[in-house]
Amino acid sequence: MADEAEGGAAAEGAEAAAPKSKFKLILIVVAVLVLLGGGAATWFLFFRHGDDEHHAEAAPPPKPPAFVDVPDIMVNLAGAPGERVQYLKLKIVLELKEEKQIEAIKPTMPRVTDIFQTYVRELRSSDLNGSAGIFRLKEELTKRVNAAVAPIQVSAVLFKEVVIQ
């Protein structure tokens, strides 16, 4: 009987030792996973971005736009009879996507000047008030120049000088 009591106590001690060793094993596995996760996060946050910068630099630089001067335009603005006559002077530059389009657009420059003058001559000084008026003028001139020089596409009409007198 004494042997059975000693054997029973030894069996209970082995069963008690097994959960403690499992707990230690789980604790070690969790600690290793946390360290690996922290190391991976550190690599992604701090070291991975260096490769992206090299790829961005490898892309070819964008081509600079080309610019074409339009002859100066000076017209009298529309007004009511008896009002003082006002004049508008514009210095305009056309922005093109490529340098080779400059030579293709130069023969159409008289048509562009004519379209601009006939449109601007119908404006009143109140149509040009504020930045909204200048923006509308720029949009209208861009639309009209693109119709005149098609199939060439003008990116923007830029003002060098706008004077209302």
Side-chain angles (χ1 to χ4, degrees), residues 26-165:
I26 291 173
L27 188 60
I28 291 171
V29 169
V30 169
V32 168
L33 288 177
V34 167
L35 288 175
L36 287 175
T42 302
W43 182 79
F44 275 110
L45 291 174
F46 296 111
F47 300 113
R48 184 172 170 243
H49 296 296
D51 294 340
D52 294 342
E53 293 173 6
H54 296 295
H55 292 299
E57 293 174 357
K63 293 181 182 178
F67 299 99
V68 177
D69 285 326
V70 176
D72 293 354
I73 297 172
M74 186 167 169
V75 296
N76 55 333
L77 297 173
E83 284 186 356
R84 185 177 67 101
V85 177
Q86 290 186 310
Y87 295 95
L88 172 66
K89 181 179 179 184
L90 295 174
K91 289 187 179 183
I92 299 173
V93 176
L94 303 178
E95 181 180 344
L96 303 171
K97 292 181 182 177
E98 297 178 345
E99 189 80 28
K100 63 183 177 183
Q101 292 177 331
I102 292 175
E103 293 305 317
I105 203 170
K106 282 191 177 183
T108 63
M109 212 38 78
R111 183 181 303 140
V112 170
T113 304
D114 179 60
I115 289 172
F116 284 178
Q117 283 191 0
T118 55
Y119 175 73
V120 173
R121 188 174 293 276
E122 293 299 319
L123 295 176
R124 294 179 302 274
S125 63
S126 61
D127 295 334
L128 302 171
N129 285 343
S131 61
I134 298 297
F135 182 77
R136 281 192 301 272
L137 176 62
K138 183 182 287 198
E139 291 297 313
E140 279 295 322
L141 294 180
T142 302
K143 183 175 76 172
R144 291 170 191 278
V145 73
N146 279 325
V149 299
I152 299 170
Q153 199 65 16
V154 174
S155 301
V157 171
L158 307 173
F159 293 124
K160 288 170 97 176
E161 185 178 346
V162 178
V163 178
I164 300 173
Q165 210 172 16

- Query: What distance do Ser125 atom OG and Gln86 atom CD have between them, rounded to the nearest 0.5 Å?
  - Reply: 4.0 Å

- Non-hydrogen atoms of Leu96 and Gln101 that approach each other most closely: CB-OE1, 3.5 Å

- Task: Taking the side chain as every heavy atom from C-beta outward, state whether Tyr119 and Leu137 have any atom pair closer than 4.5 Å.
- Result: yes

- Query: If you draw a 6.0 Å radius around CD in Glu161, do more than 12 non-hydrogen atoms from other residues or ligands fall strictly inside?
  - Reply: yes

- Search all heavy atoms of Phe67 against all heavy atoms of Ile102 and return the closest pair with its distance. O-CD1, 4.0 Å

- Query: Is it true that a side-chain atom of Asn146 and a backbone atom of Val154 form a donor plus acceptor pair closer than 3.5 Å?
  - Reply: yes

- Is Glu140 salt-bridged to Arg144, cutoff N-O under 4.0 Å? yes

- Of all heavy-atom pairs linking Lys97 and Ser155, the shortest is CG-OG, 3.4 Å

- Does the side chain of Ile134 reach to within under 4.5 Å of the side chain of Val162, using non-hydrogen atoms? yes

- Task: Check whether any side-chain N or O of Arg124 sits under 3.5 Å from a backbone N or O of Ala78 as a donor-acceptor pair, and report yes or no.
- Result: no

- Before giving the answer on side-chain contact (heavy atoms from CB on, under 4.5 Å), spell out for Val68 and Met109 the whole-Å C-alpha distance, their side-chain angles and the decisive distance to 0.1 Å. CA-CA 10 Å; Val68 177; Met109 212 38 78; 3.5 Å; yes

- Nearest-0.5 Å distance that lies between atom CD in Gln165 and atom CE in Met74: 7.0 Å

- Item | Candidate list Val112, Val70, Ile115, Ile152, test side chain to side chain contact (heavy atoms under 4.5 Å, CB included), partner Val145, passing option | Val112

- Message: Could you measure the distance from the CG atom of Leu128 to the CG atom of Leu77? Nearest 0.5 Å is fine.
- Response: 6.5 Å

- Message: Taking the basic N atoms (NZ, or NE/NH1/NH2) and the acidic carboxylate oxygens, is any pair closer than 4.0 Å for Lys160 and Asp69?
- Response: yes

- Validation row: Leu90, Val120 side chains within 4.5 angstrom (heavy atoms): yes

- Message: Are Thr108 and Ile105 packed together at the side-chain level, in the sense that at least one heavy-atom pair is separated by less than 4.5 angstrom?
- Response: yes

- Task: Kindly indicate, with the supporting measurements, whether the criterion side-chain contact (heavy atoms from CB on, under 4.5 Å) is fulfilled by Ile164 and Tyr87.
- Result: CA-CA 6 Å; Ile164 300 173; Tyr87 295 95; over 6 Å; no

- Query: Should we count CD of Glu95 as having more than 12 external heavy atoms under 6.0 Å?
  - Reply: yes

